[in-house]
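Working notes, beginning with the structure itself.
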Amino acid sequence: MNSLAGKRIVLGVSGGIAAYKAVEICRRLVDAGAHVIPVLTKGATRFIGRTTFDALASEPVQMSLFDEDDPIPHTTLGQTADCVLVAPATARVIGAYAAGISSDLLTATLIATRAPVVICPAMHTEMWEHPAVIDNIATLVERGVHIVGPESGRLAGGDEGAGRLSSPADIVAAVGRALDAGGQLADMAGLSVVVTAGGTREPIDPVRYIGNRSSGKQGYAFAEEAASRGAKVTIVTTVERPDLAGATVVKVDTAQEMAAATAKAAKEADVVIMAAAVADFRPVDPAGVKLKKRDGVPAIELEPTPDILASLGASKPEGQTLVGFAAETCDVAGNAAAKLSGKGADYIVANDVTAENAGFAYDTNEVLVLASDGRTHPVGLRSKRQVAQAVLDMVVADRTSRADTQENK
Ligand code: PMT
């Protein structure tokens with residue numbers, strides 16, 4: 001369905017070197033039948049002329065909050081837009097939007113609109129990974145703003161790294177998805193999603209257990225993101241976190257309990273996300289009473305726990321998407337690739353749990369997504385919610401293209 005035809009898209013362009021790509025984005029939107037109104041910041045005009053957009057867009061460029069013909073241009077733009085797209089979005093525009101500072105026509109329009117907003121960041125890696133930008137993006141994601149990219153690749157000045165504007169084709173597709181879903185970005189409506197979260201606890205005696213440092217944040221971020229996109233969510237968790245409106249929460253402790261609960265929930269699930277830190281070993285014979293020091297140092301014999309991911313992979317129903325994780329401390333890509341093929345998963349989300357601000361208990365994470373068809377997708381240091389968004393973007397896009405291929409057979 002061409003969701004762009006006849007739609008009014010405000011195309012915001014801010015002052016980054018990638019502003020030249022906004023011209024192609026404009027052309028693609030117009031070619032798809034959208035009505036494009038360009039809104040440039042002053043900084044953008046240092047990189048790209050108004051004339052270029054005047055020639056391509058459906059209306060002339062607007063820049064000023066003070067317009068002879070319309071005393072409230074930002075409100076008019078915001079109220080009549082079907083979508084507000086900002087590409088590229090600089091750190092300044094992202095920060096102003098997150099803080100509600102309307103210092104120019106573009107930021108005022110962002111705050112005035114109730115239409116879906118798609119933000120496409122582009123900046124140098126150091127800026128993209130600055131805590132302030134990470135927090136601002138996390139704020140916007142929490143408010144339902146859809147963030148597209150950035151990618152990793154060549155940057156201005158010959159540097160390489162995260163911060164490169166996504167491709168015009170991906171950006172235009174994301175706007176289409178936002179509009180397809182009636183603006184609610186509910187591109188997972190009708191899907192049943194099972195997520196596991198937290199670290200399992202394997203009893204030594206009634207008081208002690210073998211555990212790990214998983215807080216459950218990454219699992220809950222997936223559950224929140226999937227729910228915000230319309231999915232029916234079941235979370236199998238060892239930790240209690242703030243209530244997840246509308247989700248089914250199944251509390252477990254041990255790997256065995258998680259295995260049983262996940263197997264049951266996964267039978268009907270469209271997507272399963274194994275973000276939990278499941279113990280690989282457990283005591284063979286946990287004591288029924290608290291072990292006493294006076295009895296000396298106990299020798300604890302261990303045995304393997306059920307490999308939940310492997311059994312899900314072995315019994316994966318047709319059409320189900322299985323996302324495993326890999327918590328690594330070295331050779332992240334190599335170890336993750338081994339898990340991908342060994343467990344029968346469609347994706348492995350690999351994270352180096354010794355990396356700064358990534359892995360256990362942090363609010364941020366940095367992952368490498370490996371797909372079973374060989375694609376890899378690095379997601380630089382981001383909030384765990386944004387990591388979840390990036391992975392689910394990939395899952396939704398792949399499921400949609402698979403469905404389209406089936407349909408056209
Ligand atoms: O919870 P946080 O504090 O936010 O931390 C997030 C995280 C670091 C826990 C998360 O990002 C993560 O890496 N989760 C997977 C941790 C883990 O158990 O990784 P693994 O490489 O040991 O296991 C690989 C995969 O097999 C995982 O999907 C795991 O859920 C699964 N597994 C592991 C053992 C087992 N017996 N059964 C399993 O299903």
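Atoms within a ligand are numbered from 1 in the order they appear, just like the ligands themselves.
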What part of K339, side chain from CB on, backbone N/CA/C/O, both or neither, has a heavy atom under 4.0 Å from ligand 1? side chain
For D205, what residues pass the side-chain contact (heavy atoms from CB on, under 4.5 Å) criterion, not counting sequence neighbours? V207, R208, A287, K290, L291
Taking only non-hydrogen atoms of K217 and a 4.0 Å limit, the atoms of ligand 1 in range are 1 (O), 2 (P), 4 (O)
Note: A259, heavy atoms under 4.0 Å from ligand 1, region reported as neither
Using a heavy-atom cut-off of under 4.0 Å, does the side chain or the backbone of A255 touch ligand 1, or both, or neither? neither
Shortest protein heavy-atom distance from atom 29 (C) of ligand 1, along with the residue and atom involved: A276 O, 3.5 Å
Can you tell which of I273, V278, N365 gets a heavy atom nearest to atom 33 (C) of ligand 1? V278
Is the shortest heavy-atom distance from the side chain of Q256 to the side chain of T305 under 4.5 Å? no
Non-hydrogen side-chain atoms of V86 and C120 separated by less than 4.5 Å: no
Test log, rule salt bridge (charged side-chain N to carboxylate O under 4.0 Å, His left out), inputs D104 and K42: CA-CA 9 Å; D104 59 11; K42 224 161 58 221; over 6 Å; no
Please work out which of V387, V272, N351 has its closest non-hydrogen atom nearest to atom 11 (O) of ligand 1. N351
Minimum heavy-atom distance between P283 and E303, given as atom pair plus value: O-OE2, 4.3 Å
